[in-house]
Amino acid sequence: MYSYDPVLFSRILTGLTLFVHIIYATIGVGVPLLIALAEWIGIKRNDPHYLLLARRWARGFTVTVAVGVVTGTAIGLQLSLLWPNFMKVAGQAIALPLFMETFAFFVEAIFLGIYLYTWDRFKNRMYHFLLLVPVAIGSSASAFFITTVNSFMNSPQGFDWVNGQMTNIQPLAAMFNPSMPTRVSHVLVTAYVTSAFLLAAIAAVSMLRGRSHVYYKKALRLTMTSALIFAVASAAIGDLSGKYLHEYQPEKLAAAEWHFETKDSAELILGGILTKDNEVKFAIKIPFALSILAGGTPDTVVQGLNEVPEHERPPLRATHYFFDSMVFIGIFLTVVSLWYVVWQYRRRKTGKPISRLLLYAIVAGAPLAFLAIESGWMFAEVGRQPWVLWKIMTVEEGATTSEHVDTMLVLFTLLYLVLSVTAVKVLRSMFRHNPAEAELEANGMEGGMKR
């Protein structure tokens, strides 16, 4: 028999919206930086291939921006409709970053339109490049402001809590909360990594299909070198995130590692199965690693789940597996990007062509990178349960009691399907019958001669 639960449907719909939006938001944050790098190199080297990279990437980027606007608007709408009690309590504290996020997007959209319209309209190409700077800054600023809202939900501050109400609200203190530095930096850097692998995968697929034009080789060189830099930065920020969790959200860190007993010299647990008796089996255990992650030394005491009431523990299996997925994929992306950079360095001496295995690994890296993004967000949100506002308001307390959330779920699901299918078809039609070689030839460029 059908049982309607508004809290459950609100969680499902919000999760679905975030799942879809994060894909387009990640592209929206990361791709402008890579477009800027390509155009900058093209201008400095007078290289038509890098300039064409920037132009073609910018065309595809506009499609994802359009879809991201719709899904981002849906998030704002659902905050009010699905979580009215949360917004009533916390709305004043997060109003500033929500407004600033909209303002940052306006800056990005306005300059993106001007940037696209003014190709080849300046004698000095650097003027055109400068139009892209506000686009890249606006996209990253948009991610910064919206992530501070999520950070506030994990480490709320900047107010006094009196009789179930926020008083003496300080918006700037609420924005710059303890979670903000690591969370914002992690969101930005992983968006850059993921976008780099996405664009690299497009070039790798073309090369696997037999296209050997230097255009694709330069695309790989730019994207995979960038991917390595950002992947290493992501690992370093991940380490700082572990230390933040140890200090401010020890329950989440303990849940991620199935760590039950408070002790020092705590081991890091990867994989495995958790039994009903909270016994961990078939896992890889790295001695001292959890203590080092938490405090930088093997003798750091890490709080265990046994000190947390069961009703305040996050879902242990989901939290652990989402965390492991993020970590394993991050390692894979780092190894693949390092593999490419090492090959590129050795190629100068040996002239050996790129292996198909490496190309396949690069192609696999794109969907895996997006899976890591999704896993990271799911870990952040599921690991915060049962709180929608850490230690202040539970998910049940913040949700709507409306009787029509299930209908909204169906309608929004159809909307996201239509948007995603349309976006894929538009992107395919833009590039499938207009390969880079043909565009270079049409513009009078000597394809394959400039290296």
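Worth saying up front: this structure is predicted, and the values here are computed from it rather than measured. Positions are given from 1, in the same order as the sequence printed here.
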Not counting sequence neighbours, which residues clear side chain to side chain contact (heavy atoms under 4.5 Å, CB included) with Ala201? List them please. Ala366
Identify, with sequence neighbours excluded, every residue that meets salt bridge (charged side-chain N to carboxylate O under 4.0 Å, His left out) alongside [X].
| X | answer |
| --- | --- |
| Arg59 | Glu439 |
| Arg125 | Asp120 |
| Glu101 | none |
| Glu374 | none |

Mind jotting down which residue pairs meet the ring pair (Phe, Tyr, Trp, His ring centres under 6.0 Å) criterion with at least one end in residues 268-305? Sequence neighbours excluded, please. none
Name all residues meeting the ring-ring contact (aromatic ring centres under 6.0 Å, His included) criterion together with [X]; count only those two or more places apart in sequence or in a different chain, and write none if there are none.
| X | value |
| --- | --- |
| Phe106 | none |
| Phe105 | none |
| Tyr340 | Trp343 |
| Phe86 | none |

Could you give the side-chain donor-acceptor pairs of residues 12-21 under 3.5 Å, partners two or more places apart or in another chain?
from: Thr14; atom 1: OG1; to: Ser10; atom 2: O; distance (Å): 2.8
from: Thr14; atom 1: OG1; to: Trp83; atom 2: NE1; distance (Å): 2.9
from: Thr17; atom 1: OG1; to: Leu13; atom 2: O; distance (Å): 2.9
from: Thr17; atom 1: OG1; to: Gln78; atom 2: OE1; distance (Å): 2.9
from: Thr17; atom 1: OG1; to: Gln78; atom 2: NE2; distance (Å): 3.0
from: Thr17; atom 1: OG1; to: Tyr416; atom 2: OH; distance (Å): 2.7
from: His21; atom 1: ND1; to: Thr71; atom 2: OG1; distance (Å): 2.7
from: His21; atom 1: ND1; to: Gly72; atom 2: N; distance (Å): 3.3

Check whether Ser291 reaches the backbone of Ala266 with its side chain - one donor and one acceptor, N or O, closer than 3.5 Å. yes
Below 3.5 Å, can you tabulate the donor-acceptor pairs from side chains in residues 224-241 to any protein atom, sequence neighbours excluded?
from: Thr225; atom 1: OG1; to: Arg221; atom 2: O; distance (Å): 2.7
from: Ser226; atom 1: OG; to: Leu222; atom 2: O; distance (Å): 2.8
from: Asp239; atom 1: OD1; to: Lys243; atom 2: NZ; distance (Å): 3.1
from: Asp239; atom 1: OD2; to: Lys243; atom 2: NZ; distance (Å): 3.1
from: Ser241; atom 1: OG; to: Ile237; atom 2: O; distance (Å): 3.0

Between Glu257 and Lys252, is the closest basic N to carboxylate O distance under 4.0 Å? no
Evaluate the ring planes of Phe323 and Phe379, with Trp represented by its six-membered ring, and classify them as parallel (under 30°), tilted (30 to 60°) or perpendicular (over 60°). tilted
Any luck finding a side-chain donor-acceptor pair between Tyr192 and Ser140 under 3.5 Å? yes
